[in-house]
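Worksheet for the structure shown next.
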Amino acid sequence: MATRSAHINVMIRAADKAARTLRRDYGEVANLQVSRKGPADFVTAADLKAEKTLREELSRARPDYALLMEESGASANHATAERCWIVDPLDGTTNFLHGLPHFAISIALEERGELIAGVVFDPIKNELYYAEKGQGAYLNDRRIRVSSRERLDDSVIATGIPFLGHGDRPTFLAELDAVSGAVAGVRRWGTASLDLAYVAAGRFDGFWERGLSSWDVSAGIVLVREAGGQVSEIGGKAFRRDSASILATNETLHRSLNRLLPVPAPKSA
Ligand code: IPD
């Protein structure tokens, strides 16, 4: 059983509280699928409600920390505070909207530019992932490790697919062509924080995606690193908060998966 630090306890308490309202709202979404207008406005409200709960809980526990949140952006002290919570109140919004039970609350803690703690909570499966720098990664208080698969042809790799108005389809299709021909399977489950948590737990052997935001990936990055995995940009450069792509794998597959992913042609002016 893991010993949870004060920071991790604050993050888990906040996630737990927001999860209670998200679970209730998810139950309502099922009823709204058949209405003509659909549940879109309701889901936007659920997302905002969860974000408000998280903002209140995290600010009450640590009033001098900054916040960077998907819906409301950066807090006023964002440029000056030493520590910052990076929060996605509802990662996997499209799944939630369609009644697909795969979404998460994602909370990371950054200290002087370095990610030091992460919590990803899947409130439907009741799976709580957390990790802190130097302390390992845990799923429901059990230690997790990345997979030990060394061969691409045994591996299951997760990704994200560009969608209406988002992403570069030709680049993605070239990547999918290269990867799908070399691995046991490619999955697109629609919640980047859980894709990373699944890499940390050894369920997926790797994950790549372009165009994600820091709130989608920050907590998951801590999980993968603390579970013994590797995280970089596609191409191998060190991952930064504003990186345009992410590649996360177990310890051994990083180089081979990276080699497979084609470098996109520069855009002509
Ligand atoms: C989305 C999910 C999804 C990814 C999308 C993200 P959101 O986050 O993480 O897996 O493919 O690009 O926007 O919008 O549901 O918080």
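Just so you know, ligand 1 is whichever comes first in the structure, and atom 1 is the first atom listed for that ligand.
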* **Sorted by chain and number, the residues that approach ligand 1 to under 4.0 Å with a heavy atom** => E70, D88, L90, D91, G92, T93, F163, R188, G190, T191, A192, E209, L212, D216

* Asked: Is it the case that E233 and S243 place a side-chain donor and acceptor less than 3.5 Å from each other?
  -> yes

* Under 3.5 Å: donor-acceptor pair, side chain of R145, backbone of A201 -> no

* Step by step, work out the salt bridge (Lys or Arg N to Asp or Glu O under 4.0 Å) result for D168 and R210. => CA-CA 8 Å; D168 171 350; R210 294 182 184 273; over 6 Å; no

* Structure fact -> Output for pair (N258 CG, S232 OG), nearest 0.5 Å, gives 5.5 Å

* Apply ring pair (Phe, Tyr, Trp, His ring centres under 6.0 Å) to F103 and list each qualifying residue two or more places apart in sequence or on a separate chain. => Y26, F96

* Looking just at side-chain N and O atoms, do Y129 and D122 make a donor-acceptor pair shorter than 3.5 Å? -> no

